[in-house]
2 protein chains.
Amino acid sequence: MITKPTIKDVAKLAEVSIATVSRVLNGSPLVQEKTRQRVWKAIEKLNYKPNALARGLINKKTQTVGMIIPDISNAFSAEVVRGIEDIANIHNYNVILCNSDLDFQREMKYVTTLQEKQIDGLIFLSEQVTDEHLDCFIESRLPVVLVATHDDKGLLPSVNIDNVMAARVATEYLLGLGHRRIAFISGPFDDPIAGITRLTGYKQGLQAKGLPVLEELILEGDFTYKTGYRNMRKLLQLQPRPTAVFAASDEMAVGAMNAILDNGLKVPADIAVLGFDNIDLTTKVRPRLSTIAQPMYDMGAIAMQMLIKILTDAPLEKRIVKLPFELIIRESCSVKK
Amino acid sequence: MITKPTIKDVAKLAEVSIATVSRVLNGSPLVQEKTRQRVWKAIEKLNYKPNALARGLINKKTQTVGMIIPDISNAFSAEVVRGIEDIANIHNYNVILCNSDLDFQREMKYVTTLQEKQIDGLIFLSEQVTDEHLDCFIESRLPVVLVATHDDKGLLPSVNIDNVMAARVATEYLLGLGHRRIAFISGPFDDPIAGITRLTGYKQGLQAKGLPVLEELILEGDFTYKTGYRNMRKLLQLQPRPTAVFAASDEMAVGAMNAILDNGLKVPADIAVLGFDNIDLTTKVRPRLSTIAQPMYDMGAIAMQMLIKILTDAPLEKRIVKLPFELIIRESCSVKK
DNA sequence: ATTCTTTTTGTAAACCTTTTCATTTGTTTT
DNA sequence: AAAACAAATGAAAAGGTTTACAAAAAGAAT
């Protein structure tokens with residue numbers, strides 16, 4: 001069997017030492033022009049590719065980072081990941097993809113494996129970052145950047161949006177349209193990042209206007225289409241019905257919208273619907289969904305940029321980055337009649 | 001600075017040689033029970049993690065595979081990737097994600113990088129597999145499995161569906177509903193996998209019924225929502241209008257559906273719409289989209305299973321796998337009035 | 001007790017690089 | 001021509017594992 005050519009083979013063919021080949025490979029200036037050419041010729045002739053394992057072993061760098069996310073088949077994650085990979089690619093990094101399904105055990109197992117593979121850093125996306133997470137990250141000594149999450153103590157660098165304010169702006173928009181009976185389909189009540197925060201923003205919006213927060217109008221979902229649909233069906237049975245629904249994710253908002261539509265009612269005429277995230281889906285449904293836009297791609301891209309800065313010892317201007325959100329008005333909300 | 005503990009540190013603490021530690025780590029039977037325990041204790045005490053680079057260097061295996069796909073933010077790719085990663089994870093492999101945007105240069109650059117990183121194998125997803133691709137794969141000597149693609153010569157293992165037959169079944173379904181003027185929004189005319197094949201199936205369907213293939217009813221898209229929308233607008237100007245549209249992807253089908261809806265017409269009452277893929281979106285739009293289901297997750301999962309078999313020298317029953325497709329009837333197609 | 005097995009453990013080479021340090025070669029200065 | 005210096009090259013160690021082989025320890029057979 002023919003084995004892969006190594007630096008030795010190149011050295012032999014070019015009639016130099018492996019040290020010289022290595023220097024050529026790494027663009028060292030102290031090698032004569034004609035030697036350099038001879039080496040390159042040998043490299044090409046043998047189709048030699050340096051072994052990144054050997055390199056990594058000695059350099060203690062692998063140009064590889066890990067990303068642990070809940071689920072790549074979720075549009076939000078996928079968009080963030082695309083941002084991460086694009087920046088990684090530009091800077092000659094590769095990314096290892098890990099789907100956790102938000103399972104703590106899996107997350108921890110991935111951290112261990114990635115550590116063994118000597119990744120240079122980790123990008124982490126999850127519902128919450130608990131103390132156990134923190135312990136694990138610290139023990140691993142891996143540079144970690146959180147995206148679309150943050151830890152309470154602000155120990156880890158992160159990139160996120162101001163979820164409270166975003167949800168408040170959304171609520172105030174609906175109030176501004178004249179709605180007073182605004183339902184809220186929340187994320188998990190124990191999710192401190194996208195659950196509690198957005199619920200808080202919703203409440204703040206109402207309270208700032210002097211309106212009561214009605215328990216019956218607040219239902220718990222898990223960001224998925226299904227829970228949006230189901231919760232909306234419950235809301236439709238209320239007397240009187242809410243005139244608007246604000247959901248903590250676009251998936252849930254579309255679910256809610258379809259529940260309304262399937263019930264023979266109209267959006268926004270009968271009930272206004274407002275989402276959160278601005279995933280692709282929002283422009284593909286009819287009516288198009290108004291929503292709070294999170295800069296998903298940018299969040300990923302910036303997280304990766306931060307990670308690279310950490311890896312290259314460049315200064316980080318800000319460790320905790322809050323990106324701007326945007327209220328995008330489409331067709332799913334109208335003035336209350 | 002504290003450095004990571006190595007096998008040497010473990011050996012010293014456990015008062016054995018590194019060979020013994022290695023044996024314990026690899027579950028070798030020829031080490032005494034009490035020694036084994038001593039070693040494990042040392043491993044845990046030091047929180048030692050074996051260095052996968054050093055391991056890979058000597059074993060010539062990295063338990064890492066690469067996957068080159070067009071774009072992870074595309075629902076189809078994402079679902080396939082999820083299938084790949086799940087199976088990989090079960091078998092203790094990790095996956096490196098590479099987005100090519102169908103750019104040949106990028107694809108080739110990724111192959112080189114992945115090769116340098118000594119991946120054990122590669123899963124490749126693209127519009128076409130040209131001879132240059134083939135040359136590159138062969139030269140790389142990497143085990144490659146194609147997914148949702150295949151090469152003309154059948155050189156590489158692949159998993160796919162019978163696109164011609166699927167498109168034909170779809171067309172015949174519309175014909176069966178009484179439609180005679182059926183438009184087709186195709187993928188790129190030069191895409192031999194999902195472009196030409198599905199177009200062929202469409203034509204076959206018509207011809208089998210003795211119907212003419214009308215050029216004016218066939219438009220070229222690139223599988224994206226946008227081209228579905230645009231092409232449908234063109235089709236709407238035809239006199240007489242088509243009574244049904246079959247699109248070579250769900251994205252295009254939804255684009256077409258929205259073009260129809262935005263034009264004040266009804267689906268399926270005025271025009272029936274049929275898609276291809278069965279991505280999530282199909283059940284989130286109203287009316288729900290009828291479609292040809294490709295087993296996206298399974299395609300990824302099976303591709304990975306095949307790759308693992310190749311890597312472990314297990315026999316492959318079939319090198320070219322054709323998975324079954326399924327016509328899923330929802331609400332976007334009705335009998336022609 | 002001696003020899004022969006069998007079981008357990010250790011030594012050292014190998015995997016493929018990078019890099020320090022030493023050496024050689026070439027150039028400049030005197 | 002010799003001395004001093006700079007530039008180019010090579011030898012060898014290091015990085016952290018696995019494993020073939022050697023060696024030691026333990027047990028069985030004589």
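Naming convention: chains lettered A, B, ... in sequence-line order (proteins, then strands); numbering from 1 in each chain. Just so it is clear, the structure is predicted and the values come from calculations on it, not from any experiment. Hydrogens, waters and symmetry mates are skipped; everything else that's a heavy atom, side chains included, is used.
- Under 4.0 angstrom from either OP1 or OP2 of C:dT7 there lies no side-chain N or O belonging to B:Gln32.
- When distances run from any side-chain atom of A:Ser17 to the nucleotides D:dG16, C:dC15, D:dA11, the shortest one goes to D:dA11.
- Note on A:Lys8: nothing from the nucleic acid sits closer than 4.0 angstrom, heavy atoms only.
- Side chain of A:Asp151 to backbone of A:Leu156: a donor-acceptor contact under 3.5 angstrom is found.
- The side chain of B:Ala54 lies closest to D:dT17 when the candidates are C:dT17, D:dA8, D:dT17.
- The distance between atom CD1 of A:Ile58 and atom C1' of D:dG15, rounded to the nearest whole Å, is 6 Å.
- Residue contacts for B:Ile18: at a heavy-atom cut-off of 4.0 Å it reaches a base atom on one of the strands shown.
- In this structure, A:Phe124 has its ring center closer than 6.0 angstrom to the ring center of A:Phe137.
- Comparing atom distances between the B:Asn59 side chain and each of D:dT17, D:dT19, C:dT18 picks out D:dT19 as nearest.
- Here B:Lys60 reaches the OP1 or OP2 of C:dC16: one of its side-chain N or O atoms lies under 4.0 Å away.
- Rounded to whole Å, the distance from CG on B:Leu53 to C1' on D:dG15 is 10 Å.
- Among the nucleotides D:dT9, D:dG16, C:dT11, the one closest to any side-chain atom of B:Ala19 is C:dT11.
- Here the side chain of A:Asp120 pairs no donor or acceptor atom with the backbone of A:Val65 at under 3.5 angstrom.
- If you find the closest nucleotide of DNA chain C to A:Leu25 and to B:Leu30, the one lying nearer the 5' end belongs to B:Leu30.
- Atoms CD1 (B:Ile7) and P (D:dA14) sit 18 Å apart, rounded to a whole Å.
- With A:Asn99 contributing its side chain and A:Asp101 its backbone, the two residues share no donor-acceptor pair below 3.5 Å.
- Checked against D:dA20, D:dT9, D:dT17, the side chain of B:Arg23 finds its nearest nucleotide in D:dA20.
- Applying the 4.0 Å criterion to OP1 and OP2 of D:dT9, one finds that A:Thr35 has a side-chain N or O inside that range.
- Between the P atom of C:dC16 and the NZ atom of A:Lys12 lies a distance of 12 Å, rounded to the nearest Å.
- Checked by atom type and distance alone, the side chain of A:Asp103 pairs as donor or acceptor with a backbone atom of A:Gln105 at under 3.5 Å.
- Out of C:dT18, D:dT17, C:dT9, the shortest distance to the side chain of B:Val31 is found at C:dT9.
- Looking only at atom types and distance, the side chain of B:Thr64 has no donor-acceptor partner in the side chain of B:Asn94 under 3.5 Å away.
- Distances from the side chain of B:Val16 to the nucleotides C:dC15, D:dT18, C:dG10 place C:dG10 closest.
- Checking D:dT17, D:dT19, C:dT17 against the side-chain heavy atoms of A:Asn51 singles out C:dT17 as nearest.
- Within the nucleic acid shown, A:Thr20 comes within 4.0 Å of sugar-phosphate atoms alone, with no base atom in reach, counting heavy atoms only.
- Counting any heavy atom pair closer than 4.0 Å across all strands shown, B:Lys49 reaches sugar-phosphate atoms only and no base atom.
- When distances are taken from the side chain of B:Thr6 to each of D:dG16, C:dT8, D:dT19, the shortest belongs to D:dG16.
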